[in-house]
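First comes the structure, then the notes that go with it.
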Number of protein chains: 2
Amino acid sequence: MKVLVVDDDRVLADLVVFTLRRVGFEAIVADDATSALLRWAEDKPDLIVLDVNLPGKPGLQDGFAICKRIRSESDIPIILLTVRDDEEDIVTGLEIGADDYVLKPFSPRQLVARIHAVLRRAGTAGPTQPAKMSVEGLEFNPKLREVHLKNGTMRSLTALESVLLEVLMLNRGQVLTFDDLISDVWGPGGGSPEMLRQLVRRLRSKIELDPGNPYYIHNLQGIGYAFLLNR
Amino acid sequence: MKVLVVDDDRVLADLVVFTLRRVGFEAIVADDATSALLRWAEDKPDLIVLDVNLPGKPGLQDGFAICKRIRSESDIPIILLTVRDDEEDIVTGLEIGADDYVLKPFSPRQLVARIHAVLRRAGTAGPTQPAKMSVEGLEFNPKLREVHLKNGTMRSLTALESVLLEVLMLNRGQVLTFDDLISDVWGPGGGSPEMLRQLVRRLRSKIELDPGNPYYIHNLQGIGYAFLLNR
DNA sequence: TAGAGCTGTGACAATCTTGTGACAATGAAA
DNA sequence: TTTCATTGTCACAAGATTGTCACAGCTCTA
């Protein structure tokens, strides 16, 4: 997941880029309109974080101009960075197509959270989902979010249960650490071991014929979980 | 893969070194600016873990000063250890060229993960665990913490049993003293002969076909244990 | 051969990890 | 606005792991 950060404030841009990379995003920087458009065209980012105030001609080379230009050709998610209390800017930005805005000053964590929210709303396309996945009498349809069990029953899964099951089935026979699973399900920087435990329990209650003696999802104490270890 | 750990907190440095060695890194220590620069020049480490607060003149002999000095001559990956999640400190560190930072207090596992992340970004890979270890009909998978015996059975090991078996198998044919084993398994200052005895017993009960007449783990009275001594 | 010291053992205590049931919070849909 | 589904959070139970203890049996030395 690649993010283009457009800001002429070097220190701030560095901090944002560092934070984004730290939680797993690719991040690239542009510091004016020209290089922003060039980066957008060549690096094909998945989201743009765009400062409103940029060097160059106001109205022609500021953040709004870039946003407008990109919107004429693309639906890419755009988050505007603007100065506190400038509500007129906010309205203008949303009108020309920005998806969200963040007020300066802000903390990088706040920005990361906002990026996640925008990406969720945009429903970003991940790798092509397989139509169905079948293993050991368990048939899972990610699109419909339902599983058919060995005994013929069908269970519907929630969104998070689906994500977890897909991650586990795609990596069956391997041990996935708690951190790996948490990152894969909730995204960089999200989730917690407690949340994962609960999700595993909920998923087990739907797919295991005997949840007290799980057949599919195995725990390795202190390490993580595995789906159908070879045994 | 050699890591230079720069920290005047001896206990912490020992713990970090122990942890790094446990997962396959070489680790060396310096406890002030002078020896840090000397170690860097002479031992040519591949990465530096650098505490921000060091004894000596602030601004001239602290972690930032060392980082700045090294950056003027090298791109070596540098991870700063700091107690303050203060953005100012973080920005300062990044500005002078640090690649990442870890907040104290931290768990050794967290630091190792951060080191791997920085090395990945730097394009170098840290040491990986051997997939499997096989000796005389005993097959051990450290990742899954399981052994397959000569008679086909599979046994799961606990975390400490795994560590002990790996140490023993990596040094097979050699005698390891009680102190060596205790230090390797529990780390500096931890463990005891009593605990080691119990652990050896538990491990033997899982891997020996005849625990009363052990084939793999031999005791040398008053000295230590060995794995598969040639007799 | 006897005794001291060492190693192995079974069992229990302490601690940690995982699983569980239930409730709170949130957001979407009716 | 209300209701419901989903997800997050909490407190505690259950199970696993590790530490500790006391003693039996073995080995080595005088």
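Convention: sequence-line order gives letters A, B, ...; per-chain numbering from 1. As the structure is a computational prediction, the values presented were derived from the model and not from experiment.
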Exercise. Hey, is the side chain of Tyr225(B) poking within less than 4.0 Å of OP1 or OP2 on dG8(C), counting only N and O atoms?
Worked result: yes

Seminar exercise, completed: Separation of dC6(C) atom C1' from Glu194(B) atom CD, nearest Å, is 12 Å

Problem set entry | Nucleotide nearest Arg197(A) when distance is taken to its side chain, options dT9(C), dT18(C), dT18(D) | dT18(C)

Exercise. Gln198(B) has an atom CD; how far is it from atom P of dA14(C), in whole Å?
Worked result: 16 Å

Exercise. Backbone N or O of Gln174(B) within a donor-acceptor pair of the Asn171(B) side chain at under 3.5 Å?
Worked result: no

Problem set entry | Test item: side-chain donor near acceptor, Thr153(B) and Asn151(B), under 3.5 Å | yes

Exercise. What nucleotide among dG19(D), dT20(C), dG19(C) has an atom nearest to a side-chain atom of Asn219(A)?
Worked result: dG19(C)

Problem set entry | Nearest-Å distance for atom pair CD/P, residues Gln221(B) and dG8(C) | 9 Å

Problem set entry | First of Met195(B) and Leu160(A) reached from the 5' end of DNA chain D, by closest nucleotide | Leu160(A)

For this session: Using modelled atom types only, decide if a donor and an acceptor are shared between the side chain of Glu166(A) and the backbone of Pro142(A) within a distance under 3.5 Å.
Result: no

For this session: Indicate the atoms forming the closest heavy-atom contact of Val135(A) with Tyr216(A), along with that distance.
Result: O-CE2, 4.0 Å

For this session: Give the rounded distance in Å between these two atoms: CD1 of Ile217(B) and C1' of dT7(C).
Result: 14 Å

Seminar exercise, completed: Taken to the nearest whole Å, CD1/Ile223(A) to P/dT17(C) is 13 Å

Exercise. Leu196(B) has an atom CG; how far is it from atom C1' of dT9(C), in whole Å?
Worked result: 15 Å

Exercise. Under the criterion side-chain hydrogen bond (donor to acceptor under 3.5 Å, both in side chains), which of Arg204(B), Arg155(B), Lys206(B), Arg202(B) is the partner of Glu161(B)?
Worked result: Lys206(B)

Seminar exercise, completed: Judged by nearest nucleotide, the residue sitting upstream toward the 5' end of DNA chain D, Leu157(A) or Arg145(B), is Leu157(A)

Problem set entry | Side chain of Arg204(A) - closest among dT9(D), dG19(C), dT7(D) | dG19(C)

For this session: Quickly work out the Phe178(B) CZ to dG8(C) P distance and round it to whole Å.
Result: 8 Å

For this session: Whole angstrom is fine here: how far is it from CG in Leu199(B) over to P in dT17(D)?
Result: 12 Å

Exercise. Taking the side chain of Ala159(B) as its heavy atoms from C-beta onward, which of dT20(D), dT18(D), dT20(C) lies nearest to it?
Worked result: dT18(D)

For this session: Using a cut-off of strictly less than 4.0 Å, decide whether Ser192(A) has a side-chain nitrogen or oxygen near OP1 or OP2 of dG8(D).
Result: no

Exercise. Hey, does the side chain of Trp186(B) come within less than 4.0 Å of dT18(D)'s phosphate (OP1/OP2), counting only N and O?
Worked result: no

Problem set entry | Listed nucleotide nearest any side-chain atom of Arg202(B), set dT7(D), dG19(D), dC21(D) | dG19(D)

